[in-house]
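Heads up: the structure comes next, in structure tokens.
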Amino acid sequence: MSPQDASKFTVLPATPADAEVLLKIIDLAFADDFFRQAAMPKSREHLTPLDELRSWRLRNLRKRISAPDKVLLKAVLAAQPDRMVGFADLQKPPPLRDDAEKSAAPTTQPDSKATQADSTAETGDPHTLPACFDPALNDGMNDRLESWQLKIWGDDEQYWSLEKLGVDPAFRRQGVAKLLLEECLKLADADALPMYLEALPGSAEMYLEYGFESRGSFTILDGNYVVKLMVRRPQKLLS
């Protein structure tokens, strides 16, 4: 990213007051995503009124922004900070526990399900999605993601997870995604912890440039949608 591009944008924490604008950016950023389209097919649109769906999404998005185990960042125009152009959604690692507590605790990060479905749902328990969602497809994706997380991490919960990163199409190829990613990586590096993500089709190349390594992949939707599981080891921060 050129210094000129970097100077056009800045990254700030998102707040619950940003939810409506953030929802618009999510819809723009993932409008062409094949899984998103299949997860909420037109044949099921009539099952949930649009205003009901929007209210549900906003409610869950505000809850997500406020959650203590989440970090949501927004990229804005430096000269017009009320103009959001992109976002990143991260899951923090859980607090360290002593061995006795850890032996009785779950072995996966909280709310680690449905990262892909979240491009539409903005969270929640995937088993309580509105009726307009395809439950079998969403559950199938969740099962695959959970299986891969267990394969990669075992009982290690100490990692940051980049759950979503999206950019308004009008501002793509201007360094916004890289600026957001760099801010995300600073958080993980400050904790000396790795970062994990599930790369959507076409996005893995950027992550490779930033030191992520592929740990596996799987396909769904008759082989037309490839998800790559990627991990980046922590790097020392420059003093």
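Residue numbers count from 1 along this sequence.
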pair [X]-[Y]: side-chain heavy atoms closer than 4.5 Å:
| X | Y | result |
| --- | --- | --- |
| F171 | L77 | yes |
| R233 | E213 | yes |
| V231 | Y159 | no |
| L180 | F9 | no |
| T219 | V227 | no |
| F35 | N224 | no |
| M195 | C184 | yes |
| W160 | P93 | yes |

Indicate the atoms forming the closest heavy-atom contact of [X] with [Y], along with that distance.
| X | Y | answer |
| --- | --- | --- |
| L73 | P13 | CD2-CA, 4.3 Å |
| P94 | E157 | CD-O, 3.2 Å |
| A31 | Q37 | O-NE2, 3.1 Å |
| L162 | A88 | CD1-CB, 4.3 Å |
| L165 | L181 | CD1-N, 4.0 Å |
| C132 | E45 | CB-CA, 4.4 Å |

Could you tell me whether [X] and [Y] have a side-chain N and a carboxylate O separated by less than 4.0 Å?
| X | Y | result |
| --- | --- | --- |
| R54 | E20 | yes |
| D18 | K74 | yes |
| K186 | D191 | no |
| K70 | D89 | no |

Exercise for the section: Step by step, work out the side chain to side chain contact (heavy atoms under 4.5 Å, CB included) result for K228 and R215. Expected result: CA-CA 8 Å; K228 295 185 178 181; R215 293 296 181 86; over 6 Å; no
Exercise for the section: Please assess L185 against E183 for the test side chain to side chain contact (heavy atoms under 4.5 Å, CB included), listing each intermediate value before the final yes or no. Expected result: CA-CA 5 Å; L185 294 177; E183 291 300 314; over 6 Å; no
Problem - Residue pair L200, S203: steps toward the side chain to side chain contact (heavy atoms under 4.5 Å, CB included) verdict - result: CA-CA 6 Å; L200 303 181; S203 64; 4.1 Å; yes
Practice task
Under the salt bridge (charged side-chain N to carboxylate O under 4.0 Å, His left out) rule, collect the residues that match up with E209, sequence neighbours excluded.
Solution key: K178
Problem - With R83 via salt bridge (charged side-chain N to carboxylate O under 4.0 Å, His left out) - residues at least two apart - result: D168
Exercise for the section: Count the heavy atoms of every other residue, nucleotide or ligand shown that sit under 6.0 Å from CG of D32, and state whether that count exceeds 12. Expected result: no
Exercise for the section: Quick one: sort the W153 and Y196 rings into parallel, tilted or perpendicular, breaks at 30° and 60°. Expected result: perpendicular
Exercise for the section: Look at the rings of W148 and F218 and say which category their plane angle falls in: under 30° parallel, 30 to 60° tilted, over 60° perpendicular. Expected result: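 W148 and F218: parallel rings.
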Exercise for the section: Would you confirm whether R57, through its side chain, and L23, through its main-chain N or O, come within 3.5 Å as a donor-acceptor pair? Expected result: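 No, because the side chain of R57 does not come within donor-acceptor range (under 3.5 Å) of the backbone of L23.
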Handout entry: Any donor-acceptor N/O pair, D69 side chain to K92 backbone, under 3.5 Å
Key = no
